[in-house]
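Here you go, one structure.
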Amino acid sequence: MRRESGGRIDRSRVLRFTFDGRELTGHPGDTLASALLACGVRIVGRSVGPGRPRGIFTAGVEEPNALVGVGDEPMVAATAVELRDGMRAWSLRGKGRLDPAAAAVDARHDKAYLHCDVLVVGGGPAGLAAALAAGGAGARVVLLDGGPEFGGDLLGGRTLLDGAPADEWISSVTAGLAAFPEVRLLPRTTAIGYHDHNYVVAVEERDANRAAGSGTRGSGGGTGDEGGHAGGGRRLWHFRAGQVVLATGAHERSVAFPGNDRPGVMLASAARTYVNRYGVLPGRRAVVFTCTDSGHEAARDLAAAGVEIAEIVDPRRDGAVVTGTLADGEGVLTGVVIGGREVVCDLLAVSGGWNPAVHLFSQSRGRLRFDDALQAFVPHVSAQAERSAGACRGEYGTAAAIADGLAAGARAAEAAGLPARWQDGTRENGASENGVRENGVRESGAPEDGVRSAGPAGNRERNPLRVPECDEPAQRSPAALWAVPGDGGGDGGDREAFVDLQRDVTVADLGRAAGTGMRSVEHVKRYTTAGTGADQGKTSGAVTAGVVAGLLGASPGQVGTTTFRPPYTPVAFGVLAGRDRGRLSDPVRVTAVHDRHVALGAVFENVGQWKRARHYPAGGESMERAVGRERRAARTGVAAMDASTLGKIEVGGRDAGEFLDRIYTNVFSALPVGSCRYGLMCGADGMVLDDGVTTRLAGDRYLMTTTTGNAATVLDWLEEWHQTEWPHLQVSFTSVTDHWAVVAVVGPAAGPVAEALVPGVDFGDFPFMTCRESGPARVFRISFSGELAYEINVPWWYGAALWEAALELGAVPYGTETMHVLRAEKGFAIVGQETDGTVTPQDLGMSWIVSRRKPDFVGRRSHTRPDTASPGRKRLVGLVPARSPEAGVPGTPDEPPGSGMPGESGTAGDGEERPTEGAQIVAAPGDRRMLGHVTSAYPGVALAMVRDAGPGDRLIAFDGREIPVTVVDPVFHDPGNTRRDGIPGEARPLPAAADPAVTEWWRPERAVSPLAAFAGRFAAAAGTPGVTIREIPFLRMREIRGEAPKEGLRLGPGWWLAVEDPQTGAGGTAHIGMSAPGTGTEDARPDGSPGEDGVDVSAQRTVVELAGPRVRDVLMTGCPIDLHPAVFGVGAHTQTLLARAQVVLHRAGPEVYRVFVRSSFAGYLAEWLLDALEGL
Amino acid sequence: MQLIECPWCGPRDEIEFRYGGQAGIAYPADPAAVSDEEWAEYVFMRDNPRGWFHERWFHVHGCRTWFSIRRHTVTHEIERAPGASGPGEHSAARATGGPGARDAGDPR
């Protein structure tokens, strides 16, 4: 029932909502719970187990009963939900069910990273005071509170401060805080986790704050929004704090007595809050059952609001306790039993004591102790740079909380390195208290000497940071009462004395647990499920400990608490995902040719973060048919594949060859300049780590290629050995994976196509395993298919044009599936496919690549270990279906080995039984001893790792079916390597109609920057207030090692990125108009030395420039480093993560940030940034 | 999310780093000369203490520097490892006291 007046609600406006379909009303300022109470709703749900009716029990996040569905959210505490107009809510009963048909929640959640000196959790009197003290010291402070208003318990009481309503004190403090530029106030923000190294995670009701014009104050001064953000969007804040002040208050607890779960039974503090804060009468005639003085204050306030107080039961006075409750037919409270005497009432306000909210403290690994005077668990020893203040460490009462908060805030600022000013020059010389980092352990509950005594005395005028005079009486110790013994028989008794209302755990349940011999509260928890509800036992945990202690004859301190774990309050999965959903769920890498693949209708596969074209179905082809067609083109004509994803690392320096000799199993120091060599590298354990072709570009420069998936691992590997074992070797490693786009032109007819694509190269003198450079292009004559092949490398910007040119010249596009078939037919192993970290080069039949001349290389010693040298190891073999006795004979190009190639012979699906990848190899049907497994399987061709098997052996591949197979040599196709130099007479004339505008890919106008396709969307985003976004394309960049260049960004020790000045270089094509191939090599270094100009990485990255006053608000949603202007000043630059992509971030001006992002990640990052702008 | 201090970049979130395992495991000077047991010890065996641990980290998403720290495996307290006196030096050599120190501007 609503009072005539009073409360912090706006009676001038009416909010309409429904509960279980009933149309009801409330007011702004209401929670859903207060509005339900005001409308006379007593039963808000049924309990999970016995289905008992339950009512609203608390007025906060600790609510165990009033869990309801609201809108899109299946289960929230009605006591913590602000009422909104049009809200649709319903009660829950029994066990919840996920509705798979439920519509996707479209609320827009995001994340943000923020660093601060002092993080204050909780905006009650202690937290406000702490923020004020720390903010006054000049600290960067964040103050957060779960509620829409700061003030904490003051909002629900009638405390007078300095003789005036507490409101005035709250207003003056919040106004003071708002005036500090480095203080950020975040209402409606609940800290849910306290992790290592002062990392605190919190959830902000961001849309609600924006609608209210509070919270999320942007660095450029955010504006209150006009209701456009009412979508329930939340923000997951990640705070990294120098110091943390926990001011999380305390939760009142109940007493376990029979019938204590009736609707109408409510915590005394909650009843008081409903009366004072929400202007709601939770009953007309109340009994107050209190073990605390605060219960008497609640009775006083209830009486003042017009509630008839039938009786106050305080066990400390005369031992009186409530022994039972009476209810009407619906189970709603109609009276209480006090030692056999019945008292009629419709509200029973209970106060069993207070539990300091030590959840975050405990999550931070702080140790608790049980305080006998308070009958509560309180913080004992801190584990992190943290201090608790106010009620959360048992300092009850407003004056004590404010004094404690002021002290904690000042201490925190001081520990964060800021001088404490709040005592107006009288600062005591207490030892700097810096939590665990300096002192090892700290008594969190220890009095902060000299601080509290500084309280209200003196300089009232000069010092706003004083403790106001407070009219609250001193609090006496509560009664140590956890449970009222049941009468032991019939209905009720211990079986209706509830400890955990949400889990329906009773005193009887705990008794049964103790009776089975359980002594650990953790066991009791798991046996009874006490404390495992959505409320995580906030109101019940201490009662559980108290009751169990009674059962065991121990003290609650000896029993202890169960472990507090994040999250403090339930968090929707969508909030944890934030903006990382849909196409932004994981960084995606694409090649320069990606859009062309899309246009060709390619089917993609994920290889690491790369999107690779798997095959190009034409006209609804199946994959098998498409692969058959693509394969035939590569084996009989000319085909092209986008091989840009291969890892590419420039290895440079005087000792580059020596270094490679130590890393690879074979020799590279003797490789002639201009030659390529296939290399295999092993781990120290001798197992194959990666492979690839490395080319000697110059005496001291090599270009290493790696497998697509291992590029980052290999670069890490090289740097690890160099930095940690061989730092004396003069060598450096520069990733150029994204700089070069690669198109492999493959097939007996590849020659003329490659020749047309790269003029200036003498194709008549271009032996296998050599490299040629011409203009911006590098051509490698290497083959992963067994056919004549050229891998043409050009800077990213020309990749798409080169691809189009190759297709214009008649090359048939083929994807990774065909690539796999082609290489499998040649018996080429793929690292990660045939190998799995347990395979040596010898196991692959590649002893030929393991040098016996080199004194050492990584892995060599392991090859002579008894295990790796054992003859019984699994080795790479080929498998063919056993039903073809002639199988294993290499097929002709048109007619592959084994059965016919579906798609070309028209015999697709001819019933051939071929094993699937992963099939187990056994010797005979029914055999169980595993000899190995199938590593690759394609029509007619399979590779396997098998022990004790040789060519001609018949085995069984078991994949659910038992498929007879015959072991053959793994080289199915052209074992004599006769086709690698092409087939005379196979060269076909180029298409006469080839358009030079397409085939001349090197024309300047063909250059495309990685974000060219985003230009329009970037321009459209200029409408975003406070931020503009653009690409600065085609900048010349070099990575330089050693001495600092004149201009450049320092990326690491002795490592620089020299960037052309966009002011002088941007906008034109002067720097892309490379000379055409064959007309001279730009930047030619006649001696091929790395020189001072380092490695050209111009196309490795592109630059996204963000400008405007709100750029930091964008970056903070995806960049974990401290971007505060005082820390990340103008000119600052660093390598870090943005949106989980590695970037170089450069603050080029006060409001100008440049993001250097690798070309393959650029599209993903652009999408992410545009999405961030949308959410500003 | 631990906060790890890179000697070059300063404190950064753990996600910017790659873990490098126990520090101070020296690559044998002459692998051919060690016994199978000694070699297996080098390749496979690492300490796993409950308490302080001398371990390597790699600032993979930052300056790409290997360095070592002392970290408590229970409390996650972190100390700069002996020998890592500050920016400009690596302390990553697996061999204690082995080669590893290198100047910032040293052209490799």
Side-chain angles (χ1 to χ4, degrees), chain A residues 113 195-199 201 238 240 365 383-384 436-437 440 653-655 683-686 712 715-716 719-733 855-856 858 860-862 864-867 1041-1044 1050-1055 1120-1122 1134-1137 1140 1142-1143, chain B residues 1-4 6-16 18 20 23 25-28 30-34 36 39-40 42-44 56 58-68 74-78 87-95 98-108:
Chain A
Y113 300 85
H195 305 276
D196 282 325
H197 303 162
N198 271 1
Y199 199 68
V201 177
H238 298 248
R240 181 74 75 178
R365 281 182 286 102
Q384 299 203 34
V436 70
R437 287 168 190 228
R654 186 191 64 206
D655 300 319
D685 58 2
L715 184 59
D716 292 1
E719 295 190 335
E720 177 179 352
W721 284 93
H722 177 234
Q723 290 184 29
T724 68
E725 290 293 349
W726 310 318
H728 54 283
L729 293 185
Q730 201 191 91
V731 60
S732 64
F733 316 95
D856 192 27
V858 176
R860 178 188 173 109
R861 176 65 182 81
S862 286
T864 56
R865 291 182 58 243
D867 173 57
R1041 306 289 169 157
E1043 296 299 326
R1050 191 172 68 168
L1051 302 183
W1055 180 22
I1121 68 168
D1122 190 354
T1134 190
Q1135 295 201 82
T1136 185
L1137 294 169
R1140 293 179 293 160
Q1142 191 178 344
V1143 299
Chain B
M1 183 69 70
Q2 298 179 81
L3 188 68
I4 295 167
C6 166
W8 266 87
C9 305
R12 293 293 178 91
D13 280 1
E14 186 182 344
I15 48 164
E16 291 198 3
R18 222 196 73 193
I25 306 295
Y27 188 72
D30 184 1
V34 302
D36 285 338
W39 182 252
Y42 161 72
V43 173
F44 300 113
R56 308 182 310 152
F58 179 45
H59 196 186
V60 60
H61 294 304
C63 65
R64 302 193 65 84
T65 299
W66 281 91
F67 59 96
S68 58
V74 177
T75 66
H76 295 176
E77 288 168 85
I78 291 174
E89 285 183 38
H90 290 294
S91 60
R94 300 178 196 202
R102 172 156 68 77
D103 274 330
D106 177 21
R108 286 177 251 174

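A note on names: the letters A, B, ... follow the listed sequences, proteins ahead of strands, and every chain is numbered from 1. No experiment lies behind these values; they were computed from the predicted model shown.
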Go through the steps for A:Arg865 and B:Val43 under the test side-chain contact (heavy atoms from CB on, under 4.5 Å), then give the verdict.
-> CA-CA 11 Å; A:Arg865 291 182 58 243; B:Val43 173; 5.8 Å; no
Top contributor to chain A contacts, counting heavy-atom pairs under 4.5 Å, from B:Arg18, B:His61, B:His59 = B:His61
Any luck finding a side-chain donor-acceptor pair between A:Gln723 and B:Thr65 under 3.5 Å?
-> no
For B:Trp8 against A:Pro1053, the heavy-atom pair lying closest together | NE1-CG, 3.0 Å
For A:Phe733 and B:Arg64, what are the C-alpha separation, side-chain angles and deciding distance, and is it a side-chain contact (heavy atoms from CB on, under 4.5 Å)?
-> CA-CA 11 Å; A:Phe733 316 95; B:Arg64 302 193 65 84; over 6 Å; no
Let me know if A:Asp716 has heavy atoms under 4.5 Å from chain B in its side chain, its backbone, both or neither.
-> both
What are the two closest non-hydrogen atoms of A:Pro1120 and B:Glu16, and how far apart are they?
->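 The answer is CG-OE2, 4.3 Å.
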Nearest non-hydrogen partners of B:Trp39 and A:Ser862, listed with the distance | NE1-OG, 2.7 Å
CG/A:Asp196 to CD/B:Glu77 distance, rounded to the nearest 0.5 angstrom?
-> 10.5 Å
Of all heavy-atom pairs linking A:Glu725 and B:Ile25, the shortest is OE2-O, 4.1 Å
Any donor and acceptor pair, going by atom type alone, linking the side chain of A:Arg861 with main-chain N or O of B:Pro28 inside 3.5 Å?
-> no
One should read off an interatomic distance between B:His76 NE2 and A:His195 NE2, to the nearest 0.5 angstrom, of 13.0 Å
Distance (rounded to the nearest 0.5 Å) between B:Phe67 CZ and A:Thr724 OG1 | 13.5 Å
Tell me, please, which residues at least two apart from A:Tyr199 pass side chain to side chain donor-acceptor pair (under 3.5 Å).
-> A:His238
With side chains defined as the heavy atoms from C-beta onward, is the minimum distance between B:Glu14 and A:His197 less than 4.5 Å?
->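 SC-SC contact between B:Glu14 and A:His197 ruled out.
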Minimum heavy-atom distance A:Glu720-B:Arg56, with the two atoms named |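 Closest pair (atom of A:Glu720, atom of B:Arg56, distance): OE2-NH2, 2.6 Å.
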Is it the side chain or the backbone of A:Arg365 that comes within 4.5 Å of chain B heavy atoms, both, or neither?
-> side chain
Residues that A:Arg860 engages under salt bridge (charged side-chain N to carboxylate O under 4.0 Å, His left out), provided they are two or more places apart =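 Checked A:Arg860 against salt bridge (charged side-chain N to carboxylate O under 4.0 Å, His left out); zero matches.
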Portion of A:Leu1137 that has a non-hydrogen atom of chain B nearer than 4.5 angstrom |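 Its backbone and side chain both get close to chain B.
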How long is the gap from CD1 on B:Ile15 to OG1 on A:Thr1136, to the nearest 0.5 Å?
-> 7.5 Å
So which of B:Ile78, B:Asp36, B:Val60 has the largest heavy-atom pair count under 4.5 angstrom toward chain A?
->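 If we count pairs closer than 4.5 Å to chain A, B:Asp36 comes out on top.
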